[in-house]
Amino acid sequence: MMTQWRCTVCDYIHEGPEPPEECPVCGVDASHFVKVESAAGSGEECRNAVKKALRQISYGLYVISSRKDGRFNGQCANSVFQVTSEPVQLAVGINKNNLTHEYIMDSRVFVVSVLNPKGLDLVKRFGFQSGRKVDKFADTPYDLGEVEVPLLRDCLANLECRVVNTQDVGTHTLFVGEVVCAKERAAGEPMTYALYHRLKNTAVSPAAESRSLTQWRCKVCGYVHQGEQPPEICPVCGVGPEEFEKLL
């Protein structure tokens, strides 16, 4: 069996004797890959059961933005929750390898932008590319608020936070921020992680009329394409056809 390597930043899985020089999804180098240990029997069954059970926990989907030295960056996150009401405080978990983590640690401020169900393009922009390679806010409408961090316009609401506490939780840091200001953008239901996974396979590519068409699944983000061949590029995360596998 080919050795598997997992990117600790975006969870991309690479197969080969060595990790790739660069992650094709988030752009980090080989030092951010760890070998996926094989397991058999009940241990593997338990891990698979945990993964399936975690999908039943409800999450929102947000863009977390911050600043450092006059530059901005942001990323998608689903671990955002209110911890107190007086004062209002939010907690957000950010991977230590992410550029946004570096920015929050430096500036001690961040903004939570609550996405709406039409925000698939924002998920692609902020969730499937690295701010070390691209300016994610280029051509993205935003305003600057009290903490001088981008507030996305195309969303339901923005919450501006100043970090008041941190908790090291291993691969991530849990940032607790006091909400100092907020802006309501629109009314409507927020994007959830479960809704995103339903929409990405229907809103981006309509179902083929014939059920006999071959299906191809993106190994990076799970998008399913129907056709005789895999697509030239994944419409959700942007990887090429080599990252698609045929569904039997």
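We use all heavy atoms of the structure for the numbers below, so side chains are in, but hydrogens, waters and symmetry mates are not.
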Looking only at heavy atoms, what is the nearest atom pair of [X] and [Y], with distance?
X    : Y    : value
P20  : A30  : O-CB, 3.2 Å
R125 : D135 : NH1-O, 4.1 Å
Y142 : P150 : CD1-CB, 3.6 Å
P117 : E189 : CD-O, 3.0 Å

Check against side-chain contact (heavy atoms from CB on, under 4.5 Å), V83 and L90: CA-CA 6 Å; V83 290; L90 299 181; over 6 Å; no
Qualifying residues under side-chain hydrogen bond (donor to acceptor under 3.5 Å, both in side chains), relative to Y103, sequence neighbours excluded: none
Flag side-chain contact, heavy atom, 4.5 Å: L159 against V111: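 A side-chain contact is absent here, since even the closest heavy-atom pair is not under 4.5 Å.
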With N116, the side-chain contact (heavy atoms from CB on, under 4.5 Å) member among L61, L156, L122: L156
When you compare the side chains of [X] and [Y], does any donor N or O come within less than 3.5 Å of an acceptor on the partner?
X    : Y    : value
Q89  : E178 : no
S31  : D29  : yes
T100 : S66  : no

Whether over 12 other heavy atoms sit under 6.0 Å from K183 NZ: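 Not more than 12 within 6.0 Å, no.
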Given 3.5 Å as the limit, does a donor-acceptor pair link the side chain of [X] with the main chain of [Y], or not?
X    : Y    : value
S85  : V88  : no
S79  : G93  : yes
N165 : F175 : no
K136 : G74  : yes
W5   : I13  : no
K96  : G170 : yes
W216 : G227 : yes
E160 : V147 : yes
T171 : N95  : no

Give the cluster check for [X] versus [Y]: same hydrophobic cluster or not, with ILVMFWY residues linked at side-chain heavy-atom distances below 4.5 Å.
X    : Y    : answer
F137 : L99  : no
V180 : V109 : yes
L174 : F110 : no

Parallel, tilted or perpendicular: rings of F33 and H14 (30°, 60°):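 If you compare the ring of H14 with that of F33, the planes turn out perpendicular.
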Ring centres under 6.0 angstrom apart (F81, Y59):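 For F81 and Y59, the ring centres are not under 6.0 Å apart.
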